[in-house]
2 protein chains.
Amino acid sequence: MAGKSYGQFCGLARALDVVGDRWNLLIVRELLIGPARFGQLRVGLPSIATNLLADRLKDLEGHGVIERRLAEDGNAIAYALTPWGQQLQEAIDALIRWSTPVMRYGRRADSFDPRWLVPALHALLADRRTSTPVTLVVLVDGIHIQVAVDGDGPHVQVLDEPPDGAAVLRATPETALALAAGAITPEHAAAVSDNPADQVAIHTVFGPSFTRSE
Amino acid sequence: MAGKSYGQFCGLARALDVVGDRWNLLIVRELLIGPARFGQLRVGLPSIATNLLADRLKDLEGHGVIERRLAEDGNAIAYALTPWGQQLQEAIDALIRWSTPVMRYGRRADSFDPRWLVPALHALLADRRTSTPVTLVVLVDGIHIQVAVDGDGPHVQVLDEPPDGAAVLRATPETALALAAGAITPEHAAAVSDNPADQVAIHTVFGPSFTRSE
DNA sequence: CCGCATCCTCATGGATACTG
DNA sequence: CAGTATCCATGAGGATGCGG
C-alpha cells in the first residue's frame, strides 16, 4: 500500500518515506487550505484515482500526518492535518517559492482551482510583516481569498461569502501570482481597481518585500 | 522517462513535476554536499538502480536543476547543481526539520553515510547567527564535518583531511543530530570532549537557538 | 573501473466499474 | 457520497552487457 522506504538514516529520506509518494504533498496542500471530506479532496485533486486517494489517506493517517474527524454536519467524516502535518507548510512554502520560474510559463493546458492561490499567496508573501494589520481580498474566478498581514505574517483563507467594505482586487490567477512574486508592480495591478482605499491595501500587501512598518 | 505531470497550474504541483519523482530530491541532496560523479552518487545513494540514476540525471538536467561539467581530473564528467537547483536547499532544509520526529526513532536497520550530516546540520542550525565567526568540527564515523557559523548563518562542509588546531567534537550520528535539533544539551555533549577550548565552540554552535551575539 | 543501455520481473499508479 | 474491487499500463528494481 505504501511506497518503499529508502532505508537511509537521513532526515530528507525519512521525510520522503512519509510524504514522498505521489499525490501525498498535494493532499496536504488541500488540507492546508482547510479540513475536507473525501469528495472535496477529489475536487481539488482532479485526475486522482479514488483508490489511490483512499490509499494515501490511510497512509498519511497511519504516519500521523492527517487524522479523521467528524465533519461539521455531524455524521460524515472529514480529514484534517495533525499539528505535525501542519508543520509541512514550511516545506510546501519553500517548494512553491522554488517553482516560480516554472510558473512564469503560464497556465497552458493545466487545470486550475482558485483555492490553490491560498498556499501560493502564503508562500510568496511569507516574509511580510506589518505593525498595523492590513486586509485585502483577492477575487479570482469568482472566489474571494482574504489576505491579512500583521506582525506574525500573512494569513490567507477562502471566504465563503463576499466581504463588504473590504478592499478587493479582481485579478486573473496569473496576475495574482505575478504580483505576489514581485514580477509585476502594485502600480500595474492597482490600475484595475477604482477605489482609492484599495490602493493602500494593494501596495501594502504586494509592495517591496522588505519589512514594512506601515 | 520522466514521471507524469499532475497537470495543475499550482506552484507545488509544478515543483513536484520537476523534483517529485522518486530519488530526485535525494540526488539533489548529494549534489548539495558538492559536485559528484556518477560513481560517487551511487555511493551516496546505495540501492538505487543504475539505470534509474542515469534516467533521473537526464531528467534533472533537462529541467535545468543540474548540469554536467568536466570533473577536476580533466576528462571525466561531474554533475553539479545549477543556481536554480541550489535554491532547493530551502525546501530540503524544511523537510529535514520536519522529519525530526521520525529521526528520534534512531538508525535501526537503515544505511548511513556521515556526509548526510551536512544537509542535516545545515537545516537544523539554519537560524544560527554569530557576530564573531565560530568554527567547530564534528567527527563522525571518521569523517570530519566543519560547521562554521557567522553573520550569514551556518556553512557546513566535509573536510578532506583532519584539521589541526580546530575544536573537534567526536560524536555518533544520533548524538550529532540530537544536539543540532536541541534534543540534548551542549553540556551533555561537551562532556565527551576534554579540551576547554572546544567547550566554547560546542556551546556557541549548539546552544539555545535564539540569535547569539557571541 | 566508469557511465550508462538493455532486458526482464513485479510492485505501483491509473481508469473504471461496482457496492454499502 | 465514500469508498472498494478489478484490470491494465507504467515505472521501479535488479541483473547483466558493453564501449571507452
Side-chain angles (χ1 to χ4, degrees), chain A residues 1-8 13 16-27 30-31 35-63 66-80 110-111, chain B residues 1-8 13 16-27 30-31 34-63 66-80 109-111:
Chain A
M1 183 164 67
K4 195 179 171 187
S5 168
Y6 287 109
Q8 297 184 359
L16 294 175
D17 282 343
V18 176
V19 293
D21 281 354
R22 193 165 169 79
W23 295 108
N24 272 344
L25 278 183
L26 294 187
I27 291 172
E30 291 298 312
L31 296 180
R37 295 173 48 178
F38 193 91
Q40 295 176 302
L41 289 173
R42 289 191 63 186
V43 174
L45 269 13
S47 84
I48 192 176
T50 57
N51 58 345
L52 278 186
L53 179 54
D55 280 357
R56 293 294 114 93
L57 289 172
K58 277 180 208 160
D59 285 355
L60 291 172
E61 187 188 6
H63 282 296
I66 69 175
E67 60 186 12
R68 302 159 88 97
R69 292 180 184 170
L70 260 63
E72 298 172 357
D73 57 344
N75 49 7
I77 292 171
Y79 298 92
D110 289 348
S111 62
Chain B
M1 183 163 65
K4 194 179 171 187
S5 167
Y6 287 109
Q8 298 184 358
L16 295 175
D17 282 343
V18 176
V19 294
D21 281 354
R22 193 167 169 78
W23 294 110
N24 272 343
L25 279 183
L26 294 186
I27 291 171
E30 290 298 312
L31 296 180
R37 293 175 50 179
F38 193 90
Q40 296 175 301
L41 290 173
R42 289 191 62 187
V43 174
L45 269 11
S47 83
I48 192 175
T50 57
N51 57 349
L52 277 186
L53 179 55
D55 280 358
R56 292 293 116 93
L57 289 172
K58 277 181 210 159
D59 285 355
L60 291 172
E61 187 188 6
H63 282 296
I66 69 174
E67 60 186 14
R68 302 158 85 97
R69 293 180 184 170
L70 259 65
E72 299 172 357
D73 57 343
N75 48 7
I77 294 171
Y79 298 91
D110 290 347
S111 62

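Residue numbering restarts at 1 for every chain, and letters A, B, ... go by the order of the sequence lines. Computed from heavy atoms alone, side chains included, the values below leave out hydrogens, waters and symmetry copies. Worth saying up front: this structure is predicted, and the values here are computed from it rather than measured.
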Nearest whole Å is fine: how far is [N] [atom2] from [X] [atom1]?
X	N	atom1	atom2	result
B:Leu45	C:dG3	CG	P	14 Å
B:Leu52	C:dC8	CG	P	18 Å
B:Leu41	C:dC2	CG	C1'	12 Å
A:Ile48	D:dT4	CD1	P	14 Å
A:Asp55	C:dG14	CG	C1'	12 Å
B:Asp21	D:dG11	CG	P	9 Å
B:Leu53	C:dC2	CG	C1'	12 Å
A:Trp23	D:dG11	CH2	P	14 Å

What's the closest nucleotide to the [X] side chain, out of [options]?
X	options	answer
A:Arg37	D:dA15, D:dG3, D:dC1	D:dC1
B:Asn51	D:dG14, C:dG14, D:dT16	D:dG14
B:Arg56	D:dA2, D:dA12, C:dG14	D:dA12

May I ask you to say what [X] touches in the nucleic acid, namely base, sugar-phosphate or nothing, with a heavy-atom cut-off under 4.0 Å?
X	value
A:Arg42	nothing
B:Ile77	sugar-phosphate
A:Arg68	sugar-phosphate

Got [X] and [Y] here, is their nearest side-chain heavy-atom distance under 4.5 Å?
X	Y	value
A:Tyr79	A:Arg68	yes
A:Leu52	A:Trp23	yes
B:Leu57	B:Leu41	yes
B:Val43	B:Glu30	no
A:Phe38	A:Ile77	no
A:Arg69	A:Glu67	yes
A:Gln8	B:Pro46	yes

Worksheet item: Under the 3.5 Å rule, do the base of C:dA5 and the side chain of B:Thr50 count as making a donor-acceptor pair?
Response: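 Indeed, a donor on one side and an acceptor on the other fall under 3.5 Å apart.
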
Worksheet item: Taking both distances under 3.5 Å as the test for a Watson-Crick or G-U pair, what stems of at least three pairs does DNA chain D have?
Response: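 Stems for DNA chain D, defined as runs of 3 or more consecutive pairs: C:1-19 with D:2-20.
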
At under 4.0 Å, does any side-chain N or O of [X] touch on OP1 or OP2 of [N]?
X	N	answer
B:Tyr79	C:dC2	no
B:Lys4	C:dT12	no
A:Lys58	D:dT4	yes

Worksheet item: Taking all atoms of both residues into account, what is the closest heavy-atom pair of A:Arg22 and B:Ser5, and its distance?
Response: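 It is NH2-O, 3.8 Å.
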
